[in-house]
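Reviewing the structure listed below.
Lettering of chains follows the sequences in order, A, B, ..., and the numbering in each one begins at 1. What you see below is based on every heavy atom in this structure, not just the backbone, and it leaves out hydrogens, waters and symmetry mates. Values in this document were obtained by computation on a predicted structure and should not be read as measured data.
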Amino acid sequence: MKYGMVVDLDRCQGCRACMEACKVENNTAQGHFWMYVFRYEEGSFPETQINFLPRPCQHCDNAPCVKVCPVGARFSREDGVVLTDADRCIGCRYCELACPYGVNYFNWRKPEKGQYEIVDWSDPDLEPVTGGAIPPYRNPDLDGLHGEEQRRTGGGSQAKGVMEKCTFCVQRIEKGLQPACVTTCPTDALVFGDKTDASTPVGRYLAEKRTWRLLEEAGTEPSVFYVGSRPPTHRSKEIERPKASV
Amino acid sequence: MRRFWTAACLVVGVVLMVVGYTASAPWGTESVAHSDPRFVFAPAVFVLGVVIAFSSALVYELLPEKRRH
Amino acid sequence: MATQTERHSTLPQRVGQMNGAWRLFVIGALAVLGFGIYSFWQEATQGMVVTGMRDVGTMGGATWGLYITMVVYFIGVSFAGITVAALIRIFNLDHLKPIARTAELLTVVSLILGGLAIIVDLGNPMRGVVNLFKYARPQSPFFGTFSLVVAGYLFSSLVYLYLGGRRDAARLAKSPSRLQWFHRLWAAGYADTPEERDRHDRASFWLAIAIVPLLVVAHSTLGFVFGLQVGRPGWYGTLQAPAFVALAGVSGIGHILILAAIVRKVTATPHRIGEAIFAWLGKFLLGMLLVYLYFMVVELLTLVYATPETEKRLSDALLTGEFAWIYWGSVAALVISAVVLIWQAVVRRWSVTWLVAVGVLANLAAIGKRYLIVVPSQTHGTLLPYDTGSYSPSVVEFGVIAGLFALGALLIGLFFKAFPALPIEDESEEVIANA
Amino acid sequence: MQEITRRTFVKGTAAVGGAAAAGKFLFASSPSLAQAEAAALASPIEDFIATTCWVGKQDCGMIARRIDGRVVMFEGNPTNPRNVGTLCPKGHAQIQALYDPNRVKWPLIRTNEKGVTGEWRRASWDEALDLVAASVKEVRDRDPKLVLWQKGRSKAKGFYDEAFVKAIGSSKLGHGAYCSDAGYRGVEYTIGTHAVLHPDFKYCNYMLSWGWNITNAGGNKFCWLTWPRHMVAARDRGMKIAHLDPRLRSAGPFADTWLPIRPGTDLAMALALCQQLIAQGYLDRPYLTTYTNSPYLVKPDGMFAKVTEGAGEEATEIPLVWDEATGRAMKFGEAESPALEGTFELDGEVVKPAFQLFMDHVADYTPEWAAGITGLTAAQIRTVAHDFGDNARIGATMIVDGVEVPYRPVGIMAYHMSQQELGFQTIRAMTIVPMLVGAVGAAGGQLSDFTWKIYKNYDKFEHLKVEDPPYDFMLNKSKFYPMNTGSPSVVAQVMMDPDRYEVEKLPEVAILHMVNPLNSFPSRKEFLESYGKFKHVAVISPWMSETADYFADVVLPAATIEKYEGPISATDAYVDAVTLRIPPMEPLFESRGEIDIYLDLCERIGVLYGEDGYLSNVNDQLKLTDTAFALDLEAMPEVRDIFDRWAHAQGIDEGVAFFEDPAKGVYVKGPVSPTKIYGYATDPPFGGAVHRLYGDSLLDAQRQMKEKGAEEIYWRDYTALPEWRSLTMDSSPSEYEFYLISYHQIEHKQSRTSFIPLLAELSPGSKLDMNPQSAARLGIADGDTVTVESHNAVTGETRSLVTRAALGEGIRPDTVAMPHHFGGWTHPQNKDQGASANKVMFLGEGYTTNTADQSFHVKVKVTKGGEL
């Protein structure tokens, strides 16, 4: 049993709903995109190509981030999910360096400072409803410990100075739910499940469709498989970047 | 005696290094927590080993001469 | 002149003497250190958002910046000191002994600074210290840096420095001074008997023998921190580790040159730290420089002729883009250094001024090259279509680094105020005479 | 308990002093211990509420996840056919809008003069409602039409809006003239349905995505998500897409062919396609003769030859066709083989079938001709015509669920692209394209509304009446806009200069419900001037809109999603379903649901109870009148009870509780029968409408307009057949070298989401899309600030804005484009987002279309630099 994800680029609309679902579910800090959707362009007018490419953490079977973590805060579970222990992480950011996919996000600020401060969530008129939670939609599942290893691995904005990234929504999959991005994808371009079982949707995709993985040559053995289109090249130019600053 | 303690120090240091190192890197285990050392503070044991090994030089030089007493 | 209060001035090499310039130096260094601490406090309370570092990829930043550049630099500097000291012992290069302690101290101090630079780069500094001891993983290239470089290397260097200084300590301990307790403590009963001398000869020889492979391993390990990363253009390569060692040598010898000149001036010992020493250091530096330049030419040729498409963006940025001034500036500094050294070697006259200039140049180049290894691979080295990023260190980072330099200067200054920089000469510097 | 814990943590972090802070930093500020303890003490109560999205047009079904009554996430409701458990980015992000402390928290009454940023005092609901009621009552007593009620968009069925307008007797304005209404008018006129155009995705093989913003916005009738779902399924089957749009970004990777057409020239393209379909022989003659007015005989004056049957009130006019079998004119429907071509003589006049006129009309609209106008190549146009005609498989039929229907798997998706200068006639011509191949109402072919219900305008447009002045302030039945969509900008113009439009009475009181003309409509200038003239403006809105900021006397805080609303259609075009918006929590602050507000307001105005009162109108609108579930006309109802009655009237025994149940939430009535989807299969076919290839009533309207002395600029587009003419903007000086168009981004809805931080993060602000080729010529680099200056070719007026250049190869070099979501200033998040394209658009002659709709294109020049 190993979790994997299939991203069907023939279906992806580049709408970035997955990014928003992730942000609300995981309460990640402003400017952090555990799920990120590239919109990029190739060629010149009128022979232009525009493509979309969702980029979650690749949950590599041979994860470079896990290898380099000096304290074992970044670890690989038996079910293939690569997680970060927020209580263990020392904030050296080596995993971020090692990852060729750019999926890691560091808590540069205190957690409560990263929640879209332009809006004053501590407004006293909100308090009777929210109990002072910041953000007001703070997901309580993120405060717990997860997995048989019982480590603090779910969700974002855990603490200042620790690294975070996509968890395949560990707090959801242990409830039998799909990751938030997969659930919300308006065109079902994201599929999640056991990649070793040919009877699951993921397994079927792997058996029936030609798939490829990002930066296959890096030897990281990602668990995220892409269908359709083709990998971006060095000539691909990103367009419509979100405001990813802290 | 001096040589004995120096050698002992060296041996203890090396042993601690070996123990600390192998315990820090639990290769071969497939458990969920295989990223963890086999026991907590194993890396400290390794570092301690390094320190003790080098301390053998101190022991060798600093150990008071018995005959002086 | 020889009054009661100036009793301490009788210690050699101005040990214990605190004149105006010295006080000024200490106050200045403390002020800079204070600013460094203040900067770090901001970082510690507000988070690393106060640095110029940001996430690689969507945020278009560099997650390792000036701090790691300086970690690599400081640890590189440490290389030369202990190497020189070890070479002196192993090959009995007696004429170099006057700079041995300076070299050893340089190693110890730069290792401390390197360690601190790692600490300030951590998101959770104290948790880092604790968790490294609790959970450090040998599988991580960082393990070598942490356990061997910082722990093993620093400890062995300290032992080496300590044992090597016992004889001088014992001599100083005989004269009453405010520092007598310190010298006594250090001497730890050393009586300078022939047995003790023999023992020290033997111990220091084996220590030196043990340290040499350790430092090759340690510096290679640091190279591995970068060199094992397949996912980052510009890093993955077998030359990474040897190049790290070579550049470490360049910066370290450069530093010894500078320090030797300062020590020579401050302790007024030009007769002891003579041209021969500088000549030897100059030649050693030249050798290191040539080795490094060779690596660099290889690297450059690879970049120009066989750049994989994925590395093109990075090499463009390095050679012709926004980093070109650092790249070519560093190359120019290294080449000029080499030319100066070759010229001096040819004419067989070694000018201290020129050598200090070369030392400074070589160190600036080393910092530049370290920066180029650390930063551009992050901002210009993404393999997915992220836009090009940028990084410039913030005032906080500069402040912290300045604080570290100040701390280093302070440590060296204080140490040499408490302990002679050069081995005490048997005849002229015998301090007992004054008593 | 959990959120309390969180609060403790957050507050704790803020409060700790030096030593403790040091400890925190040393060991990382992990909340783990405190939280673990709290979790052990009490576990939070989790529950779910079914509701619907409150952002977009199509009201996707949602499930609100609540923790101790606090909503923590909205997710798609899997039982809703429209979105099947999924949500778009806006759907997720609205949780921030719900909790936004920048909402209007309580009723506000203005304390400073109007026309500038408002200053307010907090008022009680009683005081605010009394104030609004008094001013409405005063004006209504004189003339109810001088009360102007305006709403941006009804979220869900607008029964309570309609009931209010009817109970008051007020005038009513929507937003339609800025959206897609020219398209609605074109289709209503041509085939009778109240919609624009979409293909039958179930079977379509070749689609013209004509200005369809596939990956960003609606398409016909839906907001966004549903059509893309159908589209990817169709592409799995092998459907091909030819995409007509100056920008490629709209289709992204889904364009098999990209035809980068020049803005505003779609009519030329459609006419050339008609010419080519005829030339290449792709005609479905049986459809044309049976279901369209193609065979109608047209007299030399352009009107149909008709005979009158019956007399007096009962008299009906029956058009004549030429029966080739008998060689004489016969009543339509009675002829055995009506002629489509030829010239005949009738009562001494030369008459021709409408189709003959159409053929003559399009004969010169060749691909070569159109190429020069559209910027496409003649070969591209020929290929599209060929692919469209060939894929239409004229003559084929298929059996859908046991019903045999013609099979024409080609169709067009078009919606907002109707908002161009020739929008109405463009949509007419585009509808005629599938008509020629018989694809309208066929399986796989051209659909419009979800069923073939004929909209009231179809009959209304048979005779367009132009009346004598004075006109009402919306210019209904005027010589200016005989076909009138009801444009707020026209009202603004009229209010500025009533004499010019021969209007006597102007509106005096405005109730502006979730509408923000000052920012969301082109021409801020006109609204600034006109909306200041209202004696009293009451705004009902959850946020302080820019319009409210400048003009409201009273702002009544509406709830956002946290209220009952509905009924809401949940159909995906193939399955019929209905749902309600259920409040996932109590209205925040002192806000209230709109129905509550209207009930109270009506009571205070005195129009709530009794016959023709608000409650009676609510009964009518919800079809409760004369049922057992009708509301008591003399008692103030509970809002939930209204929906309970409605639900029972639908035959749902649980009443409203059915919709509150997260496991249900949506009342799925089942698949829509092919006899409703396919026009050929309905009874009568196409709902009884005869499709208007030829529009004689348009010609008649033109004649009347001329008679009343209208200027040419108003009557020139009232032609029987769609006719190309050069565009007004093209007469701007050549230095205005770019066509500026505006567009919709998937991250935003109108101008009312750009303040949601999560969405503003994804799409941070205004920008000008430009081709790098053009940018290089002007020395403009990606991200540079640029000044965009537009030119009004009629008045010579120029307007300008400053934004940032965004270079990309996916746009025509002669075109620049801007999103229309920004430009607000009342919300902190809106600051510094930059201008909306609306700032440089024009209204009025040449820019307001013949149906009183707004055209969204203008010529501009772009220069580097400017103050943001």
Side-chain angles (χ1 to χ4, degrees), chain A residues 9-11 13-17 19-21 23-25 30-31 39 41 43-46 48-52 86-87 110 112 116 118-121 123 125-126 129-140 143-144 152 158-162 183-188 229 239-240 242-243, chain D residues 2-7 10-11 13 28-32 35 39 44 67 70-73 75-76 83 85-89 92-93 95-96 99-102 105 215 225 228-229 232 235 248-249 252-253 258 260 585 588-589 746-747 757-758 761-764 771 773 808-810 813 828-829:
Chain A
L9 299 178
D10 287 339
R11 303 179 77 88
Q13 310 273 312
C15 74
R16 295 179 166 164
M19 290 168 67
E20 294 297 68
K23 297 224 67 153
V24 176
E25 168 72 26
Q30 185 162 16
R39 297 171 177 168
E41 201 175 77
S44 46
F45 180 87
T48 319
Q49 282 276 325
I50 289 177
N51 281 293
F52 308 128
D87 288 341
K110 294 190 224 174
E112 67 274 19
Y116 304 86
I118 194 144
V119 170
D120 178 16
W121 301 122
D123 188 301
D125 297 312
L126 269 178
V129 183
T130 64
I134 293 179
Y137 46 90
R138 171 75 190 173
N139 181 356
D143 299 332
R152 180 172 308 284
Q158 290 284 356
K160 167 171 74 70
V162 302
T183 303
T184 206
C185 179
T187 49
D188 307 331
S229 191
I239 55 170
E240 301 181 338
K243 188 174 181 181
Chain D
Q2 208 64 349
E3 75 272 27
I4 303 292
T5 311
R6 186 77 197 164
R7 172 179 51 175
V10 169
K11 289 205 166 163
T13 311
S29 40
S30 166
S32 53
Q35 279 166 356
I67 303 295
R70 169 180 65 106
V71 179
V72 298
M73 197 179 192
E75 289 200 87
N83 60 314
T86 73
L87 274 188
C88 83
H92 281 287
I95 193 152
Q96 286 194 332
Y99 291 111
D100 186 357
N102 297 292
K105 290 176 180 166
T215 62
L225 188 158
R229 286 183 67 85
V232 293
R235 276 172 64 85
L248 177 62
R249 173 62 185 86
W258 178 35
M585 55 202 287
L588 259 77
F589 315 117
I746 184 60
E747 293 89 352
L758 273 169
E761 182 179 31
L762 289 188
S763 167
N771 190 292
Q773 216 177 300
E809 297 283 352
Q829 178 73 68

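Using a 3.5 Å distance cut-off with no hydrogens or angles, the side chains of A:Arg16 and D:Ser763 do not pair a donor with an acceptor.
Looking at D:Pro228, the atoms closer than 4.5 Å to chain A (heavy atoms on both sides) sit in the backbone and in the side chain alike. Only the backbone of A:Cys185 comes within contact range of chain D, with heavy atoms under 4.5 Å apart. Of the atoms belonging to D:Leu248, heavy atoms from both backbone and side chain fall under 4.5 Å from chain A. Using a 4.5 Å cut-off between heavy atoms, A:Leu126 touches chain D through backbone and side chain atoms alike. For chain A, the nearby parts of D:Tyr99 are the backbone and the side chain; heavy atoms of each come within less than 4.5 Å.
Most heavy-atom pairs under 4.5 Å with chain A, from the set D:Gly85, D:Gly76, D:Pro101: that is D:Pro101. In terms of heavy-atom pairs under 4.5 angstrom with chain D, the leader among A:Asp125, A:Val119, A:Thr187 is A:Asp125. Ranking D:Gln773, D:Glu75, D:Gln96 against chain A, the residue ahead of the rest is D:Gln96, based on heavy-atom pairs under 4.5 Å. For the set D:Ile95, D:Val71, D:Leu762, the count of heavy-atom pairs under 4.5 angstrom toward chain A peaks at D:Leu762. Between chain D and the residues A:Asp188, A:Val24, A:Leu9, A:Ile50, the most heavy-atom pairs under 4.5 angstrom are made by A:Ile50.
Remark: D:Gln829 pairs with A:Ile118, D:Phe755, D:Pro757, D:Ala760, D:His827, D:Gln833 by the side chain to side chain contact (heavy atoms under 4.5 Å, CB included) rule, at least two apart or across chains. D:Glu809 pairs by the side chain to side chain contact (heavy atoms under 4.5 Å, CB included) definition with A:Glu41, A:Ser44, A:Phe45, A:Thr48, D:Asn771, D:Pro772, not counting sequence neighbours.
In terms of heavy atoms, A:Ala159 sits closest to A:Val162 at O-CG2, 3.3 Å.
Note on A:Lys243 versus D:Glu761: no salt bridge recorded, every NZ/NE/NH1/NH2 to OD/OE distance being 4.0 Å or above. Using a cut-off of 4.0 Å between Lys/Arg side-chain N and Asp/Glu carboxylate O, D:Lys105 and D:Asp100 are scored as not salt-bridged.
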- Task: Start with the C-alpha distance between A:Arg138 and A:Thr130, add both sets of side-chain angles, then the distance that settles side chain to side chain donor-acceptor pair (under 3.5 Å), and finish with yes or no.
- Result: CA-CA 9 Å; A:Arg138 171 75 190 173; A:Thr130 64; over 6 Å; no
